[in-house]
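Step one of this worksheet: look at the structure below.
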Amino acid sequence: MTELQTLRHSCAHVLANAILVLWPEAQFAAGPPTSNGFYYDVELSHRITPEDFELLEREMRRIIHAAQPFEKQVVSRQEALELGRSGELASLGARSTPSYFKLDIIERIPLEEEITLYRNGSFLDLCAGPHVSDTSKINAFRLTHVASAYYRGDEKNPQLQRIYGTAFPTQEELEHYFSMLEESKKRDHRKLGKELQLFTFDDQVGPGLPLWLPKGTVLLEELEKLAKETEFQAGYERVKTPHIAREELYKTSGHLPYYAQSMFPSMELEDDDQKSSYYLKAMNCPHHHKLFSALPRSYRDLPIRFAEYGTCYRYEKSGELMGLMRVRAMNMNDGHIYCTEEQFAEEFRAVNDMYLQYFRLFGITRYQMRFSTHDPAKLGEKFVDDPLRWRRTEAMVRDVLTSNNIHFVEIPNEAAFYGPKIDVQVWSATGREFTLATNQVDFAVPQRFGLLYTTSENKKATPLCIHRAPLGTHERFLGFLIEHFAGDFPVWLAPQQVRIMPVSTRAINYATMLLQELRSHGVRARADLSTEKIGAKIRLAQLEKIPHMIVIGEREEKTGTLSLRSREKGDEGVLSKEIFYQRLQEEILQRKLTTKIKEI
RNA sequence: GCCGACGUAGCACAGUGGUAGUGCAGCUGAUUCGUAAUCAGCAGGUCAGGGGUUCGAAUCCCCUCGUCGGCUCCA
C-alpha cells in the first residue's frame with residue numbers, strides 16, 4: 001500500500017468510527033482505498049444522504065483532532081471470531097448483534113495468514129493495515145458521494161450503502177483534486193456531445209440508442225474512413241453481413257444460452273407453418289465464420305482477414321447504460337483473421353502495431369494493455385478444456401508483447417472462454433474505466449463451426465482466429481475521443497473545419513467565393529454571413545470549437561489573402577489563400593494531430 | 001436488473017401549496033462594425049407521462065418512463 005493509500009484507508013476507519021457514533025448499530029463490510037480516495041460499505045437502516053455528510057465530517061474532524069493512535073494487535077483466529085460474535089469488530093464496543101460481515105471476511109482469510117486488528121480510540125476493526133501513526137495525520141479529507149453496492153459485488157448478496165470520500169496529505173492537494181474534477185466534468189462527452197450537437201438520445205427511440213446528428217456523423221464517417229484505409233493497407237478484405245440471424249447460428253457459436261441475457265429477446269416468426277426465431281446480432285464473429293466456410297479454403301489462402309463495421313445490439317442492463325460509453329446499439333470496428341498456428345505470432349503482432357499506430361495518430365498515451373489469461377482450475381468450466389492450446393497461445397501473446405516492449409499487466413482468470421486476449425483500458429472524464437479496444441485469440445469457436453482449410457499435406461485443419469477491434473466501437477471510441485480532445489478535434493476530424501467570417505456585408509461576395517473554393521477542395525467550411533460584429537462571430541466559432549477561423553474584409557479581398565485565426569493559437573495574421581489551402585490539405589490528408597492534448 | 005438521487009422553454013438554472021420566471025440560444029427590426037458577446041422588440045411551457053390528496057399542485061403521495069451516482073458484465 002502506498003503512503004497515500006494508507007492515509008486514505010485510515011480515513012475510511014475514521015469514517016466508520018464517525019458513522020458508529022451516530023448509528024451504533026451499523027454493520028460494516030469492506031473499506032479499502034481506491035484510485036481516487038476511499039469508501040466504506042455499511043449496512044444501516046438509516047439512508048445516509050449527502051445532507052448527513054456535514055454531521056459525519058464534523059464527527060470525523062473531532063476524531064482526527066483527538067490524535068488517536070492506530071494500535072495494531074495480532075490475534076488468533078479464535079479470538080477474532082469471538083470478537084466478531086460479540087459484535088465488537090468494526091464497532092465501538094460489544095453489541096447484541098454479531099459483526100456478521102466481518103465474521104464472513106475472517107472465514108475467507110487463508111489459514112496460514114496472520115489476523116490483525118487495528119484500534120483507534122474505542123473503534124476496533126478487523127484490518128490487514130497498515131495505518132498512519134495516529135488520526136491527526138489525516139489532514140485534508142472530504143466525503144464525496146454515497147452509492148450502493150452488493151456485498152462482495154454479488155447481486156445475490158445484501159445491498160450495502162457505499163460511502164465514498166477522499167483524503168490528501170494537504171488541503172491544497174485536496175482542493176486541487178476537486179478543481180480537476182470540475183475541469184473534467186466540462187469535458188464529459190455527454191455534456192460536450194450536447195453542446196457541440198454531435199448526438200442525442202430520445203425516449204421514444206429508446207435508452208442506449210444514440211442518434212447521430214450531422215456533426216457527429218462526420219466524426220463517425222471520418223473514423224470509418226481511417227479504419228478502411230488502414231485495414232486496406234494491412235491486407236484486410238471488407239465484408240458485409242446482416243444485423244439478424246437465426247437462433248441456430250448462436251447455438252452453433254455457443255452464445256446461446258450463455259449470452260442470451262445480454263441479447264435482445266428473439267423475434268418469433270411463423271412462415272408456411274415453419275417456426276423460426278431470429279436474434280439481433282450481439283457480435284459479428286458467427287457471421288464472419290460463415291463467410292469463411294462459404295468457400296473451400298486452402299493453406300495458400302491464409303491468412304484471411306475479414307473486416308466490417310458491424311452493427312451489434314446488446315441488451316445491457318438499464319442501470320449500466322452511460323452516454324456513448326455503454327450503449328445498446330453499436331458499430332464495431334470488427335475484424336477476424338483466420339490463420340495457421342505458424343502465422344499467428346506475425347498476425348497478432350500486426351494487429352498490435354495497428355493499435356499503436358492509431359494511438360499515436362490520436363495522441364493517446366494514457367491507457368493500459370491488459371493481458372487476460374485463463375485459470376487452469378477453471379478449465380472445462382469457464383474456459384475451453386484445452387490446456388496445451390492455452391499454454392501455447394498465451395505464450396505467443398506474451399512473447400509478442402514483450403518482444404515489442406509493450407507495457408502490460410497480466411490478469412489471470414479474465415480470458416474469453418475461447419482464448420486469451422488483450423484489452424486496452426482507458427478512463428472516462430468521470431474516472432470510470434472502460435475497455436476501448438480488444439484483441440482476442442480464439443482456438444475454440446472455429447472448431448464449433450467446423451471451419452477447415454486444406455493443408456499442404458492435403459489434410460484438413462482448423463484455423464486459429466483472431467478477433468480484433470482496434471477502434472472498439474464508434475460509440476465508445478468517439479465518446480472517448482470527445483473527452484480526450486475536450487471537443488477540440490484535430491482538423492481532419494472536425495465536423496466543421498473552417499469558418500469564414502466577413503467583417504461586414506461588404507465582404508460577403510469574397511466570403512462566398514472562398515467558401516466555394518474551400519468546398520471544391522473537399523474542405524468542410526461554412527461562412528457566417530450574419531450582421532453580427534466580428535467579435536461575436538469569433539466568439540461563436542470559438543465556442544463551436546472550429547479549428548480555423550478566417551476573417552476577411554476589404555483589405556483581404558483586394559490582395560486575395562485571408563486573415564487566419566486558429567482555435568489553438570488565436571490570431572495568426574494575414575497569409576495568401578494558396579498557402580492556407582496547402583496547409584489545410586496537409587493537416588487533413590496527413591491527419592495531423594493539430595490539437596494540444598491537455599491531460600487531466 | 002437492484003439501491004439512492006434527480007427530471008421546470010432548445011441549453012443553463014430559479015421557483016416548496018395560491019396567476020410559471022431569469023440568462024443565453026431562436027425570431028423580427030435597427031446597426032456595417034477588424035480578432036471571445038451591438039441594441040431594441042417578440043415569441044417560446046400539458047413543469048417527463050399517468051393517477052391521487054386538496055377549494056387550489058411544478059411544489060405533497062403513488063405508479064410508469066428517462067437521466068445521473070454506484071454494484072455485475074463488457075466494446
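Convention: sequence-line order gives letters A, B, ...; per-chain numbering from 1. Worth knowing before you read on, the calculation uses all heavy atoms, side chains too, and leaves out hydrogens, waters and symmetry mates.
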Pairwise C1' distance, G21(B) and A58(B) [rounded to whole Å] | 12 Å
Are any of the side-chain nitrogens in Lys186(A) or Glu182(A) under 4.0 Å away from the carboxylate oxygens of its partner?
-> no
Considering only heavy atoms and no angle criterion, is a donor-acceptor pair shorter than 3.5 Å present between the side chain of Tyr150(A) and the base of C3(B)?
-> no
I'd like a table of atom pairs between the protein and nucleotides 66-69 of chain B - only N or O on both sides, under 3.5 Å - with the distance next to each one.
unit_1, atom_1, unit_2, atom_2, d
G66(B), O2', Asp203(A), OD1, 3.4
C68(B), OP1, Arg190(A), NH1, 3.2
C68(B), O3', Arg190(A), NH1, 3.4
G69(B), OP1, Arg190(A), NH2, 3.0
G69(B), OP2, Arg190(A), NH1, 3.3
G69(B), OP2, Arg432(A), NH2, 3.1

May I have the distance from Gln161(A) (atom CD) to A5(B) (atom P), rounded to whole angstrom?
-> 10 Å
Between G15(B) and C71(B) - P atom distance, rounded Å | 32 Å
Gap in Å between the two P atoms, one belonging to U64(B) and one to A5(B), rounded | 15 Å
Ignoring hydrogens and geometry, is there a side-chain-to-backbone donor-acceptor pair from Tyr355(A) to Asn439(A) under 3.5 Å?
-> yes
Who does A48(B) pair with, Watson-Crick or G-U, both distances under 3.5 Å?
-> U64(B)
Exercise: do Thr435(A) and Gln425(A) side chains pair donor with acceptor under 3.5 Å | yes
Is U64(B) in the syn or the anti form, by the rule that syn lies within 90° of 0?
-> anti
Expressed as a whole number of Å, how far does the C1' atom of U16(B) sit from that of C61(B)?
-> 15 Å
Check: A75(B) base within 3.5 Å donor-acceptor of Thr473(A) side chain = yes
List for me each residue that meets salt bridge (charged side-chain N to carboxylate O under 4.0 Å, His left out) alongside Lys596(A), sequence neighbours excluded, and say none if there are none.
-> none
Do Arg539(A) and Glu532(A) meet the salt-bridge criterion of a basic N to acidic O distance under 4.0 Å?
-> no
Has the side chain of Glu316(A) got a donor or acceptor atom sitting under 3.5 Å from an opposite partner on the base of A75(B)?
-> yes
Please identify each residue that fulfils side-chain contact (heavy atoms from CB on, under 4.5 Å) with Val327(A), with sequence neighbours left out.
-> Pro210(A), Met330(A), Glu475(A)
Base C74(B) to side chain Arg314(A), donor-acceptor N/O within 3.5 Å cut-off | no
Listed partners of Arg326(A) passing salt bridge (charged side-chain N to carboxylate O under 4.0 Å, His left out), at least two apart | Glu320(A)
side-chain contact (heavy atoms from CB on, under 4.5 Å) partners of Arg190(A), counting only residues at least two apart = Asp188(A), Met322(A), Thr430(A)
Keeping the roles fixed (side chain from His189(A), backbone from Phe480(A)), state whether a donor-acceptor pair exists under 3.5 Å.
-> no
Considering only the C1' atoms, how many Å lie between C2(B) and G17(B), rounded to the nearest integer?
-> 34 Å
Write down the distance between CZ (Arg539(A)) and C1' (G34(B)), rounded to a whole number of angstrom.
-> 18 Å
For Arg526(A), enumerate each residue passing the salt bridge (charged side-chain N to carboxylate O under 4.0 Å, His left out) test, keeping only those at least two apart in sequence or located in another chain.
-> none
Would you mind reading off the distance between Glu433(A) atom CD and C73(B) atom P, rounded to a whole angstrom?
-> 12 Å
Which whole number of Å gives the distance between the P atom of A36(B) and that of A40(B)?
-> 22 Å
According to the salt bridge (Lys or Arg N to Asp or Glu O under 4.0 Å) rule, which pairs have a member within residues 408-429 of chain A, sequence neighbours left out?
-> Arg370(A)-Asp423(A), Arg398(A)-Glu410(A), Lys421(A)-Asp423(A)
Could you measure between the two C1' atoms, the one in G34(B) and the one in C24(B), and give it in whole Å?
-> 25 Å
Could you check which nucleotide pairs with C2(B) in any of the strands shown, counting Watson-Crick or G-U wobble with both distances under 3.5 Å?
-> G70(B)
Whichever of Arg567(A) and Glu195(A) has its nearest RNA chain B nucleotide further upstream toward 5' | Glu195(A)
Would Arg476(A) count as a cation-pi partner of Phe434(A), with NZ or CZ less than 6.0 Å from the six-membered ring centre and within 45° of the ring normal?
-> no
Which residues, if any, of residues 548-556 of chain A bring a heavy atom under 4.0 Å of RNA chain B?
-> Val551(A), Gly553(A), Glu554(A), Arg555(A), Glu556(A)
Expressed in angstrom and rounded to an integer, what is the separation of Lys537(A) atom NZ from A25(B) atom P?
-> 15 Å
Could you tell me the separation between the CZ atom of Arg326(A) and the C1' atom of C71(B), rounded to a whole number of Å?
-> 12 Å
Between protein and nucleotides 28-33 of chain B, what N or O pairs are separated by less than 3.5 Å?
unit_1, atom_1, unit_2, atom_2, d
U31(B), O4, Thr531(A), OG1, 2.8
U32(B), O2', Arg506(A), NH1, 3.3
U32(B), O2, Thr505(A), N, 2.9
U32(B), O2, Thr505(A), OG1, 3.1
U32(B), N3, Thr505(A), OG1, 3.2
C33(B), OP2, Arg506(A), NH2, 2.5
C33(B), N4, Thr531(A), O, 2.5

Look at the side chain of Ala149(A) and decide which nucleotide, out of G70(B), U38(B), A36(B), has an atom nearest to it.
-> G70(B)
note: Phe53(A), atom CZ; A5(B), atom C1'; distance rounded to Å ~ 11 Å
Gap between atoms NZ and C1', on Lys281(A) and A75(B) respectively (whole Å) | 15 Å
Who pairs with Arg8(A) by salt bridge (charged side-chain N to carboxylate O under 4.0 Å, His left out), at least two apart in sequence or on another chain?
-> none
For C39(B), the Watson-Crick or wobble counterpart (both distances under 3.5 Å) | G29(B)
Sort out the partner of G56(B) for me: Watson-Crick or G-U wobble, both distances under 3.5 Å, none otherwise.
-> none
Mapping Ile48(A) and Gln542(A) to their closest nucleotides on RNA chain B, which lands nearer the 5' end?
-> Ile48(A)
Which residues share a side-chain contact (heavy atoms from CB on, under 4.5 Å) with Thr230(A), sequence neighbours left out = Leu226(A), Met354(A), Gln357(A), Tyr358(A)
Do Arg152(A) and C71(B) have a side chain to base donor-acceptor pair shorter than 3.5 Å?
-> no
Looking at residues at least two apart in the chain, or sitting in another chain, which of them share a side-chain contact (heavy atoms from CB on, under 4.5 Å) with Ser318(A)?
-> Arg328(A)
Between A36(B), G1(B), A12(B), which one does the side chain of Lys317(A) approach most closely?
-> G1(B)
Separation between the C1' atoms of A48(B) and C6(B), rounded to whole Å = 12 Å
State the pairing partner of U22(B); accept Watson-Crick or G-U wobble contacts with both distances under 3.5 Å, and report none otherwise.
-> A12(B)
Within less than 4.0 Å of OP1 or OP2 of A75(B), is there a side-chain N or O belonging to Gln440(A)?
-> yes
Using atom CG of Leu540(A) as one end and atom C1' of G26(B) as the other, report the distance to the nearest whole Å.
-> 13 Å
